[in-house]
Every structure is written in structure tokens, then in C-alpha cells.
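Here is the structure we will look at, set down as C-alpha cells.
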Amino acid sequence: MKVTKAIIPAAGLGTRVLPASKSIPKEMLPIVDKPAIQYIVEEAVQSGITDILIITSRGKSPMEDHFDRTPELEERLLASGKKDLYDQVVDVTKMANIQYIRQKETKGLGHAVWCAKSFVGDDPFAVMYGDDVIISDHPVCGQLCRAYEEFGLAVAGIKEVTEEQILKYSSLRVEPIRENLFKVTDMIEKPKRDQVLSLYSILGRCVLPAKIFSILEHTKPGAGGEIQLTDAMLELAHAEGMIGVDYIGTRYDMGNKLGILQASVEVGLAHPEIGEDFRAYLKELSKSL
Ligand code: UTP
């Protein structure tokens, strides 16, 4: 079955990037000239997704404004002959059918996904974490959707992380299937050192069947007192199996300060308008480092 729906949980408090995220959602922090959330919506659209639900919360309305029309600005851009910019601001509003729902309390990623129940209905859907921007020539959401369409099982986007990082993420037990595809047989969220199953972690994307909702219904708060999506995914993996895709792409964690800087530098270097000047600037700067 083809995956055409995606949800983007973006209701978190963003405490790791305070004070920047106090009044601006971290998902709206720019990478060169576009907010993080736009890269994610573009990846979804390039992956064949047509309907997107963004899970928001108090103070997150700039995301809705970003994907809405701006008649006054548009008129001004046209009147001053800035057709290129006009196209850019209008195109953003036409990319997909985007809807919004509020998660009224920040009870965790599992709870945020739960808020999408009526949007999802009985269909499989992609979950694209709102603070994970992944740049790839092959849209990563699409890599996962194709695996879902082949195996008919939940799919997790996975990557190996360092021994330090795994303690803050989820750790998976995996068995190879072929190339970058794995069977996921066990997982644990924020493991202690002696609980680490492998350095493979779920990073930024997954595709789930609607039956995850009947699991989330009884999932108890886990690590950090939050309802963890990983706990529900573990139950699903035990019940019917799960596929891991070691995706091709570079992930930038916009929920942490270093990730924001890495994204700006690497996307900046590849940018058609400012890339060359930025490279020259960095080369000069690096002499003094
Ligand atoms: P994170 O745990 O990285 O986001 O969740 P956070 O809670 O904003 O982070 P810190 O620790 O306070 O800095 C991953 C994704 O899930 C969303 C977040 O917005 C982020 O995109 N999320 C998390 C929700 O939508 N609701 C929640 O209750 C928790």
C-alpha cells in the first residue's frame, strides 16, 4: 500500500536550544534561507507524500504562518519586480495539503503521534521528527516508504551513533537482511551502558501502520516520564516485526546547538547563491583557528 500521509511532531519545548526557542519554535530556526520545517516538508513532498499533519503547541503559530499566503507581501514583491522571491513565497504555500493539530500537553513523542489518530485513519503513515533535517539526493522519507511498500511492516530510519550518543537515544538489536536493510528484533530507549544492544538508533524518521494507535492507547510513560514512541514501536516489533533502513542522508539535529551550526555550514557551502563566497570566507577564517 502506498504511503501518502506524514505527520511532523513539532510540539516539543526545545529546551536544549533556549533561549533561541523561547518565542520562536526551534522548527522555524533557519538553515541559510529556509526554516528547518520547510526542508522537512520538501523531503515529504519529494517522497510522494500528499497530506501532512503538523503537531503543534502553544507559541508555534509561526509555522502555520509560514505555509500560509501573505497577500500584502506578495503584492509588494510583484509591484517591485521581484518575481523570483514572489514565486518562492507562494510555492511554499502550495507544496502539500498541510493541516495542524495541537498537542495540549507536552507528554512525549508517543503522545504527539497519538494526536494524529483521526488524521491517519487506517492508513500507514510516515513520522518525520520536526527537529531532524535530513539532506539527501534520495529523500529519506521515500527510502523508508519504499521499504514499507515492499515488506508491509513498520520501518524505522536507523543510523549508527557514537557510544556517548547512544545513551541519549534508542538502541536497537538488528539482523541484516540485505544491503542497508535490517530486521529490528529489540530496542531500548535511553539505555544504561550495560543495556546497549548496538550503536544503531532510530534517527528522525519512521513509517508506521495505523495499529500503532491501539498500542499507544496503553503505553505507559517511560524514560523521562514521557510517553515514548519507541516503547510502542518495540511492542509492534515483537508482535509482527519491524524493518530498519540504514538510510542514505546526512541528518542535522536542529534540537541542539552544534547541530544547528553544522547544518548552516554544510548547507551554506552547497548553496547556489552564497556557497562560493562562504567557502572563501571559511578558508580564510580557518587560517586563524
Ligand atoms: P525532542 O525530545 O527532541 O524535543 O523530540 P523536545 O522535547 O523539544 O526537546 P528538548 O529536550 O526539550 O530540547 C523530538 C521531536 O518530537 C517533538 C519535538 O517537537 C521534536 O520535533 N515532540 C516531543 C512533540 O511533538 N511532543 C512532545 O511531547 C515531545
Side-chain angles (χ1 to χ4, degrees), residues 6-31 35-41 43-44 52-64 66-67 98-117 119-120 125-134 140-141 156-159 161 165-171 187-191 201-208 212-213 216 219-233 251-263:
I7 69 167
I8 305 178
L13 296 174
T15 50
R16 286 166 297 147
V17 285
L18 281 170
S21 55
K22 190 180 168 202
S23 63
I24 300 168
K26 62 178 167 179
E27 297 80 6
M28 284 301 290
L29 294 175
I31 305 175
I37 189 108
Q38 187 176 334
Y39 289 88
I40 299 175
V41 169
E43 177 195 328
I52 296 171
L53 180 73
I54 302 181
I55 322 282
T56 70
S57 56
R58 278 176 302 283
K60 299 270 188 172
S61 50
M63 287 191 290
E64 297 180 41
H66 184 69
F67 294 105
I98 303 179
Q99 303 177 40
Y100 305 87
I101 194 166
R102 282 208 184 198
Q103 182 190 22
K104 295 192 182 73
E105 290 174 85
T106 318
K107 289 185 181 171
L109 183 57
H111 179 259
V113 171
W114 164 256
C115 296
K117 191 171 187 280
F119 165 82
V120 166
F125 64 105
V127 183
M128 308 176 76
Y129 300 16
D131 54 359
D132 278 321
V133 169
I134 309 181
V140 168
C141 176
I158 64 172
K159 278 269 161 223
V161 299
Q165 286 170 328
I166 199 77
L167 308 177
K168 293 185 238 149
Y169 298 153
S170 56
S171 171
M187 60 175 91
I188 178 167
E189 182 69 22
K190 298 191 174 58
S201 187
I202 300 179
L203 287 188
R205 306 281 181 267
C206 53
V207 175
L208 298 169
I212 196 77
F213 293 107
L216 280 170
T219 304
K220 300 261 175 317
E226 297 196 332
I227 298 176
Q228 298 288 350
L229 182 62
T230 334
D231 290 340
M233 287 174 72
R251 166 185 167 267
Y252 300 104
D253 181 0
M254 294 298 287
N256 95 47
K257 292 168 194 169
L258 187 60
I260 295 170
L261 288 175
Q262 287 166 333

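One-based numbering, in listed order, for ligands and for the atoms of each.
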task = Answer side chain, backbone, both or neither: which part of Glu226 comes under 4.0 Å from ligand 1, heavy atoms only.
result =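 Within the 4.0 Å criterion, Glu226 makes no contact with ligand 1.
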query = Hey, is Ala11 touching ligand 1 through its side chain, its backbone, both or neither, going by heavy atoms under 4.0 Å?
reply =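 It is both backbone and side chain that touch ligand 1.
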task = Flag yes if more than 12 heavy atoms outside Lys190 fall under 6.0 Å of its NZ atom; otherwise flag no.
result =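 Yes, NZ of Lys190 has more than 12 neighbouring heavy atoms, counting only those of other groups under 6.0 Å.
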request  = Measure the distances from the heavy atoms of Gln103 to every atom of ligand 1 and state whether one is below 4.0 angstrom.
outcome  =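 A heavy atom of Gln103 does come that close to ligand 1.
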Nearest neighbour of atom 3 (O) of ligand 1 from the list Glu105, Gln228, Arg16, on a heavy-atom basis =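 Result: the heavy atom closest to atom 3 (O) of ligand 1 is in Arg16.
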key: Ala112 neighbourhood, listing ligand 1 atoms whose heavy-atom distance to it stays under 4.0 Å   =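 Checking each atom against Ala112, I get 24 (C), 25 (O), 26 (N).
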key: For Lys107, the ligand 1 atoms whose distance to one of its heavy atoms is below 4.0 Å   =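 This gives 28 (O) as the contact atoms.
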inquiry  = What protein heavy atom lies closest to atom 21 (O) of ligand 1? Include the residue and the distance to one decimal.
reply    =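 Protein heavy atom with the smallest distance to atom 21 (O) of ligand 1: Pro9 O, 2.9 Å.
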key: atom 19 (O) of ligand 1 - nearest protein heavy atom and its distance   =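 Of every protein heavy atom, Gly12 N, 2.8 Å lies nearest to atom 19 (O) of ligand 1.
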key: Name of the residue among Val113, Val207, Ile55 meeting side chain to side chain contact (heavy atoms under 4.5 Å, CB included) with Val127   =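 That would be Val113; it is the only one of Val113, Val207, Ile55 passing the side chain to side chain contact (heavy atoms under 4.5 Å, CB included) with Val127.
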For residues 251-259, which side-chain N or O atoms pair as donor and acceptor with protein atoms under 3.5 Å away, sequence neighbours left out?
| residue | atom | partner | partner atom | Å |
| --- | --- | --- | --- | --- |
| Arg251 | NE | Asp132 | OD1 | 2.9 |
| Arg251 | NH2 | Asp132 | OD1 | 3.1 |
| Tyr252 | OH | Glu266 | OE1 | 2.5 |
| Asp253 | OD1 | Gly255 | N | 2.8 |
| Asp253 | OD2 | Asn256 | ND2 | 3.3 |
| Asn256 | OD1 | Leu258 | N | 3.0 |
| Asn256 | OD1 | Gly259 | N | 3.0 |

ring-ring contact (aromatic ring centres under 6.0 Å, His included) against Phe125, all qualifying residues, sequence neighbours excluded =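 Partners of Phe125 by the ring-ring contact (aromatic ring centres under 6.0 Å, His included) criterion, ordered by chain and then number, come out as Phe213.
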